[in-house]
Amino acid sequence: MTSRKILIYFLLAVSFASITAESFSQSRKQKMRKPKNIILMIGDGMGLSQVYTGYTAKGSTFNMLRFPVTGLVKTNSADNYITDSGAGATAYATGQKTNNGYISVDPAGQKLETILECAEKHGLSTGLVATSAITHATPAGFIAHTSNRGNMEDIARDFLNTDIDLFIGGGYDNFRTRKDSLNLIDSLLKHGYFVARDLGDIDYPTVSKLAALLAPGHMPRVSAGRADMLPRSSELALKILKRNKKGFFLMIEGSQIDWGGHDNNLDYVKEEVIDFDDAIGKVLEFALKDKETLVIVTADHETGGLALTGGDLKTGQVSGKFVYTDHTGVMVPVFAIGPGSELFSGFMENTDIYKKCMSLFGF
Ligand code: MG
Ligand code: ZN
């Protein structure tokens with residue numbers, strides 16, 4: 001081949017490559033569909049070791065590995081290298097970093113509107129599901145505003161300031177046996193909520209607004225009587241929320257993965273990750289059929305500094321060591337599937353999750 005021919009071939013190849021790259025990025029843009037519904041699932045304290053503990057124990061049916069898009073999330077809060085769940089939830093709910101212990105107020109104490117409140121304003125349905133008290137930091141971050149996450153009675157009051165369609169978790173006493181003797185259960189009834197103390201009491205086709213307060217405080221752990229409350233609640237929430245033609249926003253939390261970490265109890269972590277993953281299975285079943293739902297699974301932070309020191313993928317046995325009884329500063333994984341999920345690959349700040357969801361909703 002002459003050098004001139006080589007040059008021509010080279011130029012042809014270069015122009016062909018640039019044309020295909022351009023048309024590829026154009027088709028990507030055209031294909032970028034927006035979701036009608038967004039489901040944000042937070043495994044509290046769920047780092048990569050916790051995820052892999054669940055995978056090892058549950059095996060090939062582990063749902064978190066079915067997500068086509070994965071990324072990494074930086075979790076630090078405004079005032080600390082290591083976040084708490086209040087600042088973590090605030091980042092996901094409002095797109096702003098705040099101080100540890102704060103719930104959807106900025107470091108100066110100013111109220112920040114949450115994605116759930118914004119979704120309500122736009123006529124979407126909204127819901128919160130947790131295995132802690134529903135007034136605990138993570139769910140609270142989506143609906144309440146306070147610089148003291150410990151004040152769960154104030155947080156309960158905030159549930160009546162937003163027209164949330166359903167919430168399921170523990171925390172009955174924060175609505176009913178309060179220091180100020182207010183009866184917020186009566187207020188919920190006046191606002192049209194069906195108030196349930198047991199999932200079995202809910203005849204979902206007749207329920208439009210639901211307040212399911214299934215324990216006086218936090219729910220027990222799976223093996224202490226909670227059983228499949230989280231997967232069942234997730235399924236029920238979807239049946240109610242999907243009625244809205246405009247769409248919905250739902251946050252589901254596996255609250256107690258964190259508590260297994262604080263206790264340095266690997267069995268507790270394992271049980272809670274598997275339970276959370278079972279709930280993910282119910283959500284995926286819905287989303288894959290619905291095709292208009294974006295599902296995001298992530299964590300607010302890692303807890304315990306868990307290292308896996310041994311295991312067996314055949315028997316599901318896994319052993320590990322914790323270096324710490326509190327949260328750690330390491331990045332956490334994010335998994336996404338559905339319309340808009342491609343935005344969740346690569347590296348991001350925890351506040352970016354909110355920004356991506358808001359832009360996908362078109363708010
Ligand atoms: Mg939590
Ligand atoms: Zn914690």
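Every heavy atom of this structure was used, including side-chain atoms; hydrogens, water molecules and symmetry mates were not. For ligands, and for the atoms within them, numbers begin at 1 and follow the listed sequence. By convention here, the first residue in the shown sequence is residue 1. It should be emphasised that the depicted structure is a prediction, and the values quoted were computed from it without experimental measurement.
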Checklist line | Other residues, nucleotides, ligands: >12 heavy atoms within 6.0 Å of Met331 CE | finding: no
Checklist line | Ring centres under 6.0 angstrom apart (His122, Phe363) | finding: yes
Note to self: Pairing donors with acceptors under 3.5 angstrom, does anything connect the side chains of Ser255 and Thr131?
What the structure shows: yes
Note to self: Does this structure show an ion pair linking Lys36 with Asp290, if we count only N-O contacts that are shorter than 4.0 Å?
What the structure shows: no
Next item on the list: Run through the protein N/O/S atoms less than 2.8 Å from the Mg ion (ligand 1) and write them out by chain and number.
Entry: Asp44 OD2, Thr138 OG1, Glu253 OE2
Check: Using a distance-only test with no angle check, is there a side-chain donor-acceptor pair under 3.5 angstrom linking His301 and Thr303?
Finding: yes
Note to self: Does this structure show an ion pair linking Arg226 with Glu272, if we count only N-O contacts that are shorter than 4.0 Å?
What the structure shows: yes
Checklist line | Residue and atom, protein N/O/S, under 2.8 Å of the Zn ion (ligand 2) | finding: Asp258 OD1, Asp258 OD2, His262 NE2, His327 NE2
Margin query: Could you check whether Lys58 pairs with Asp278 (Lys NZ or Arg NE/NH1/NH2 to Asp/Glu carboxylate O, under 4.0 Å)?
Written below: yes
Checklist line | Ion pair check, Arg157 and Asp154, cut-off under 4.0 Å | finding: no
Next item on the list: Would you check if the side chain of Tyr324 reaches a backbone N or O of Gly261 as a donor-acceptor pair within less than 3.5 Å?
Entry: no
